[in-house]
Amino acid sequence: MDYFIIGLTNRDYFQVGANIIRDSYSWCGQYPSATQQGGVYRLSCDTGLPAYRYLIVQQPINGTGFESICEIEAYSVQGCLCSFVPSNM
């Protein structure tokens with residue numbers, strides 16, 4: 001998915017019937033170029049953003065095709081803000 005968007009929200013969109021409406025959440029950033037199948041990509045958020053509970057991955061409004069994500073890792077600038085810290089951090 002080329003030029004994908006990462007958004008942040010505290011709203012639970014996983015409830016049945018809830019739609020994620022583009023621009024209804026805070027933008028973390030947008031990947032600046034095309035992607036390749038099976039690639040690993042990194043996008044850094046604006047460091048001035050507050051903490052959020054949910055991460056949203058969407059294609060841009062003019063995007064075509066579909067997304068397939070195997071794994072997403074999210075870290076705060078100061079490190080993990082959680083009670084479990086992975087051993088490889």
Side-chain angles (χ1 to χ4, degrees):
M1 181 171 54
D2 301 339
Y3 308 98
F4 62 88
I5 297 165
I6 300 294
L8 303 167
T9 187
N10 286 321
R11 183 172 175 202
D12 182 2
Y13 285 101
F14 295 104
Q15 299 172 15
V16 176
N19 292 320
I20 300 173
I21 300 171
R22 194 178 319 279
D23 294 330
S24 67
Y25 50 83
S26 295
W27 273 47
C28 165
Q30 183 169 12
Y31 196 72
S33 63
T35 60
Q36 299 296 317
Q37 185 176 2
V40 175
Y41 301 97
R42 179 182 178 154
L43 181 67
S44 296
C45 290
D46 177 0
T47 57
L49 292 171
Y52 287 91
R53 182 173 180 142
Y54 301 104
L55 183 105
I56 297 169
V57 180
Q58 273 190 321
Q59 64 184 15
I61 195 80
N62 59 350
T64 58
F66 61 93
E67 65 184 77
S68 177
I69 298 173
C70 183
E71 181 177 343
I72 295 176
E73 294 181 8
Y75 301 95
S76 73
V77 174
Q78 293 82 22
C80 184
L81 300 175
C82 53
S83 59
F84 170 75
V85 178
S87 60
N88 62 349
M89 268 187 87

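If you're wondering where the values come from, they're calculated on a predicted model, not measured in any experiment.
Here the OH atom belonging to Y25 is positioned 14.5 Å from the CG atom belonging to N10, to the nearest 0.5 angstrom. To the nearest 0.5 angstrom, L55 atom CG is 13.5 Å from R53 atom CZ. The CD1 atom of I6 sits 9.5 Å away from the CD1 atom of I56 when rounded to the nearest 0.5 Å. Atom CG of D2 and atom CD of Q36 lie 8.0 Å apart (nearest 0.5 Å).
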Does the pair Y41 and T35 meet the rule for a side-chain hydrogen bond (donor to acceptor under 3.5 Å, both in side chains), with working shown? CA-CA 8 Å; Y41 301 97; T35 60; 4.6 Å; no
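Hydrophobic clustering, with ILVMFWY side chains joined whenever heavy atoms are under 4.5 angstrom apart, keeps I61 apart from F4. Transitive grouping of hydrophobic side chains (ILVMFWY, heavy atoms separated by less than 4.5 Å) brings I72 and M1 into a common cluster.
In this structure, R11 and T9 approach most closely via the heavy-atom pair N-OG1, 3.0 Å.
The main-chain N or O of Y3 is found under 3.5 Å from a side-chain atom of Q30 such that the two form a donor-acceptor pair.
In this structure, V57 and I5 have side chains that are not in contact, with every pair of non-hydrogen atoms separated by 4.5 Å or more.
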